[in-house]
> 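Take this structure, written in structure tokens, and hold onto it; I'll ask about it next.
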There are 4 protein chains.
Amino acid sequence: MGRKKVLTKCEIFEVTKNILKEEGLHGVHFKNISEKLEVGRSTLYEYFSNKDDLLLAYMQNLMKEMNDKVNGIEDDLPPNEKLYHLLLILLEHSQLHQIDQMIRDVQSSNKHAADFYREQLHADLMHTYSLMTNWIEEAKDQRIWKTTIDSSLIGDLMFHSILFPNRDRLGVETMARQLFEMIEKGMVNRSVN
Amino acid sequence: MGRKKVLTKCEIFEVTKNILKEEGLHGVHFKNISEKLEVGRSTLYEYFSNKDDLLLAYMQNLMKEMNDKVNGIEDDLPPNEKLYHLLLILLEHSQLHQIDQMIRDVQSSNKHAADFYREQLHADLMHTYSLMTNWIEEAKDQRIWKTTIDSSLIGDLMFHSILFPNRDRLGVETMARQLFEMIEKGMVNRSVN
Amino acid sequence: MGRKKVLTKCEIFEVTKNILKEEGLHGVHFKNISEKLEVGRSTLYEYFSNKDDLLLAYMQNLMKEMNDKVNGIEDDLPPNEKLYHLLLILLEHSQLHQIDQMIRDVQSSNKHAADFYREQLHADLMHTYSLMTNWIEEAKDQRIWKTTIDSSLIGDLMFHSILFPNRDRLGVETMARQLFEMIEKGMVNRSVN
Amino acid sequence: MGRKKVLTKCEIFEVTKNILKEEGLHGVHFKNISEKLEVGRSTLYEYFSNKDDLLLAYMQNLMKEMNDKVNGIEDDLPPNEKLYHLLLILLEHSQLHQIDQMIRDVQSSNKHAADFYREQLHADLMHTYSLMTNWIEEAKDQRIWKTTIDSSLIGDLMFHSILFPNRDRLGVETMARQLFEMIEKGMVNRSVN
DNA sequence: GATGAATGAGTATTCATTCAT
DNA sequence: GATGAATGAATACTCATTCAT
């Protein structure tokens, strides 16, 4: 009695996600997680050996989820369409923006594990990043996109667009559409002359 | 009379800037600041009555510097050129990106002062933001830019571009130029058809 | 489940009482409390969220104890006898004398709780005070006591008698008896003339 | 320009007195003293080698002032009249009530001096105390006062009456008169029967 | 003398983590 | 497993005091 015996990592991730959204990376404490789950604080240690483990695992989980979707993008689409889908997926996983800070912050006591996870996280992130860059290059090679603009700059733009506060106001779909239109066509009003 | 000063607020800001860059907002402690400056920790309290005061003052200082430059933009330039200048100035003040988080985090004990500074910071920030949005609207009104894309989305993009890691690699000038070209003309390769 | 408790709020109150007696209100620190209890300093925070909470809780506890006894005084006794009982109870709760200073000093971070407790403390104190004053007035109304002497002056006297250092030497009972005799009959030697 | 060159111990005592009244013993800091005097904090060290020195000197000064008045009481008055005068003088020097706490608190680094002053303070205090007790005994010996009530209890009462909050409301004279009437004649209403 | 600057020692508080049941 | 209890390490902050000019 008390609480249901089954506490799952999934539930912990869910709560973590909410706290992360509401209070940011440094607002995540085992204290508030356990309170929200109505579980003893130390119970969390049965699931994660320390705080950083939890965060890393959470991020990795998120990353995996996202990577699965990314890998689901049909490979034979034109590169700019693939990039549009990628942008949409990124916007749907806005929590990712903390990953960068986390990779720096995390200083687990269990150095080995932490470093391992950290590197893997970084690798996962880089995977998406380079996928994106590749597709941009592809678009350039196929003469769909111009070559005068640095590919990784576009990459940065797409990746950081998850931070735009207006995402919530516009909605993910609209934002993706408009942003992609701007990326491709630019702001200049061609209907005029 | 009195001992010679070995420390200035300016030096403290300098160190703060570096720590902020290297370790993020939550990496700033009076401990590491004082260590880097090779002064006693309590000495810092002679300059700022607490940590939040320091951070707020730092941000305000930065903000003022930036606002001065922004206000120096000639008013009778076409809106898109003004926006280009604004983008350049933003990129030169990339530390600003923590301002948002700070405004939330900071809860100084000296409530009065803190609230005052916080509001002023926010006002300063909004000033720049709305200037930017106004110019975007102006560009739309003058039919220079198209109206199909949300103005604040462009605002977000410009503001968040200070976060792009490739800024350091490309250099501020190049990045501004390329980014602005993309914003205006888009990626589509028109030389082809 | 869970480790066995080695510490109770009661024990903390006990130690607090001793420190309060020996070193006064400002001699109370979590450091010396924890040392006397031979527990880690932070352990105390599991019981009271901060120092002021502890002090307020301590005082409230004391107050409650005393009020219970005060309320046990039979209402249909003559007012002067009721006052005698009250004096006795006050003398048995001499730690109360710090309450006044505390009510001023305490500025808990948990403003809400602190203000609430503070007000309640003050209310409890006033309750006793006004009970005392009422009984004095009653004694005057019933012509048992003379009216030429300010009632609250007697109140002050009774309340502050808990501070008399000779309380320890004489013992509470003796002191109460003698003091009350003096209050009622005065020092003048009537057996002479 | 700046401040008048002459800062006197007297001015420092004056400010100390006010702070002591408004904020209590632990509200006295060199910081606020120097601020109220519009003097540099370290300047105070030209006058007193440390905080405790200041407090001890202040108390001693007060004590001396009071003792002078006490010694001015004509020796050939009846003991109860002498006690009345003493009570009046005590009430006029209510700041004395902190002396007790101070004697405990003060832990100067200059142990020698501190102990010396402390002892002297204590001696001065005891002088008055024993003078008071002597006169009470005298009153008993002369059959003016009854012997059934402990002399030092009356001493405590008179000494602690300086703490009664109603002192401010009633005024020193009235309070002394009423209190002394009660001490001598008691509260019992003799005009009745 | 006077004072601005610097500092050390002490306390409060938070939180991840370990331990015993 | 689950959990309540205990704790150490780290940081914020205050204030008396010393030092150099």
Side-chain angles (χ1 to χ4, degrees), chain A residues 2-7 26 28-34 38-54 107-110, chain B residues 1-8 26 28-32 34 37-54 108-109, chain C residues 1-8 26 28-34 37-54 108-109, chain D residues 2-3 5-7 26 28-34 38-54 107-110:
Chain A
R3 58 165 277 98
K4 56 184 188 294
K5 282 275 171 275
V6 274
L7 174 65
H26 283 269
V28 178
H29 303 300
F30 271 31
K31 203 180 177 188
N32 51 12
I33 294 177
S34 62
E38 292 179 313
V39 175
R41 208 187 324 180
S42 46
T43 306
L44 295 174
Y45 286 86
E46 299 292 326
Y47 295 83
F48 301 98
S49 60
N50 58 43
K51 182 181 159 180
D52 290 333
D53 269 21
L54 163 59
Q107 304 275 355
S108 172
S109 46
N110 186 352
Chain B
M1 47 179 104
R3 203 189 284 193
K4 204 173 62 195
K5 246 191 159 95
V6 301
L7 194 58
T8 64
H26 285 271
V28 178
H29 304 299
F30 272 29
K31 197 185 177 194
N32 52 10
S34 64
L37 287 165
E38 291 180 314
V39 293
R41 208 191 316 192
S42 54
T43 304
L44 296 175
Y45 287 87
E46 299 290 324
Y47 293 81
F48 300 98
S49 58
N50 56 47
K51 184 178 151 178
D52 291 334
D53 269 19
L54 163 60
S108 173
S109 47
Chain C
M1 46 180 102
R3 203 190 284 192
K4 203 175 60 194
K5 245 193 163 100
V6 301
L7 193 59
T8 64
H26 284 270
V28 178
H29 303 299
F30 273 29
K31 198 186 175 191
N32 52 10
I33 295 177
S34 63
L37 286 165
E38 291 180 313
V39 293
R41 205 189 321 191
S42 53
T43 305
L44 295 176
Y45 286 86
E46 299 290 324
Y47 293 82
F48 300 98
S49 59
N50 57 43
K51 184 179 152 178
D52 290 336
D53 270 19
L54 162 59
S108 172
S109 46
Chain D
R3 56 166 275 99
K5 281 278 170 278
V6 274
L7 174 64
H26 282 269
V28 178
H29 304 299
F30 271 31
K31 203 179 177 189
N32 51 10
I33 295 177
S34 62
E38 292 180 311
V39 176
R41 208 189 322 182
S42 47
T43 306
L44 294 174
Y45 286 85
E46 298 293 324
Y47 294 84
F48 300 98
S49 60
N50 59 45
K51 182 182 158 180
D52 291 333
D53 269 21
L54 163 60
Q107 304 274 358
S108 172
S109 46
N110 184 351

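Quick note on labels: first sequence line is chain A, next is B, and so on, each numbered from 1.
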> Map B:K4 and B:R41 onto DNA chain F by nearest heavy atom, then report which one ends up closer to the 5' terminus.
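Looking at DNA chain F, the more 5' nearest nucleotide goes with B:R41.
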
> Quick one: pull up CZ in D:F30 and CZ in D:F48 and give me the separation to the nearest 0.5 Å.
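D:F30 CZ to D:F48 CZ: 7.5 Å, rounded to 0.5 Å.
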
> Nearest whole angstrom, please: distance from the P of F:dG4 to the CD of A:E38.
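Rounded to whole Å, this separation is 12 Å.
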
> Please pick, from E:dT7, F:dT18, F:dA12, the nucleotide with the shortest atom-to-atom distance to any side-chain atom of B:E46.
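Between E:dT7, F:dT18, F:dA12, the one nearest the side chain of B:E46 would be E:dT7.
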
> Expressed in angstrom and rounded to an integer, what is the separation of B:L7 atom CG from E:dG4 atom P?
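Spelled out: CG on B:L7 to P on E:dG4 is 17 Å.
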
> Can you check the D:K31 NZ to E:dT7 P distance for me, whole Å?
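To the nearest whole Å, that distance equals 17 Å.
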
> What is the distance from CD1 of A:I33 to C1' of E:dA16, rounded to the nearest Å?
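Atom-to-atom, A:I33 to E:dA16, this comes out as 12 Å.
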
> Using every non-hydrogen atom in the two residues, find where B:H29 and B:K51 come nearest and quote the distance to one decimal.
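Heavy-atom minimum between the residues: ND1-NZ, 3.8 Å.
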
> Using a 4.0 Å heavy-atom cut-off across all strands, classify B:Y45 as base, sugar-phosphate, or nothing.
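The answer is base, as B:Y45 lies within the cut-off (heavy atoms under 4.0 Å) of a base atom.
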
> Without decimals, in angstroms, what is the distance between D:F48 CZ and E:dG1 P?
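Between P of E:dG1 and CZ of D:F48: 14 Å.
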
> What's the closest nucleotide to the D:T43 side chain, out of E:dA2, E:dC15, F:dC15?
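For the D:T43 side chain, the nearest candidate turns out to be E:dA2.
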
> Below 4.0 angstrom from OP1 or OP2 of F:dA5, is there any side-chain N or O of C:K5?
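Checking F:dA5 against C:K5, a side-chain N or O does come within under 4.0 Å of OP1 or OP2.
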
> Take the protein atom CG of C:L44 and the nucleotide atom P of E:dT14, then report the distance between them rounded to whole Å.
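Taking atom P of E:dT14 as the reference, CG of C:L44 is at 13 Å.
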
> By the 4.0 Å heavy-atom rule, please label B:Y47 as base, sugar-phosphate, or nothing.
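Sugar-phosphate contact only.
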
> In whole angstrom, what separates A:K51's NZ from E:dT14's P?
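So the NZ-P distance, A:K51 to E:dT14, works out to 15 Å.
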
> For a quick test of reading the model: is some side-chain N or O of D:H29 closer than 4.0 Å to OP1 or OP2 of F:dT14?
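For F:dT14, neither OP1 nor OP2 has a side-chain N or O of D:H29 closer than 4.0 Å.
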
> Side chain of C:R3, heavy atoms from C-beta onward: which of E:dT11, F:dC13, F:dA6 has the nearest atom to it?
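The answer is F:dA6, which lies nearest to the side chain.
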
> When rounded to the nearest 0.5 angstrom, what distance separates NE2 in C:H26 from NE2 in D:H26?
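Spacing of NE2 (C:H26) from NE2 (D:H26) equals 5.0 Å.
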
> Taking the side chain of D:S42 as its heavy atoms from C-beta onward, which of E:dG4, F:dA5, F:dT14 lies nearest to it?
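It is E:dG4.
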
> Rounded to the nearest 0.5 Å, what separates atom CG in C:L37 from atom CG in C:N32?
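Between atom CG of C:L37 and atom CG of C:N32 there are 10.0 Å.
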
> Take the protein atom CG of C:N50 and the nucleotide atom P of F:dT11, then report the distance between them rounded to whole Å.
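Taking atom P of F:dT11 as the reference, CG of C:N50 is at 22 Å.
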
> Using purine N1 to pyrimidine N3 plus N6-O4 or O6-N4 for Watson-Crick, or N1-O2 and O6-N3 for G-U wobble, both under 3.5 Å, which nucleotide pairs with F:dA20?
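E:dT3 is the nucleotide pairing with F:dA20.
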
> As an exercise, state the distance from CG of C:L54 to CD1 of C:I33, rounded to the nearest 0.5 Å.
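Here the interatomic distance stands at 5.0 Å.
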
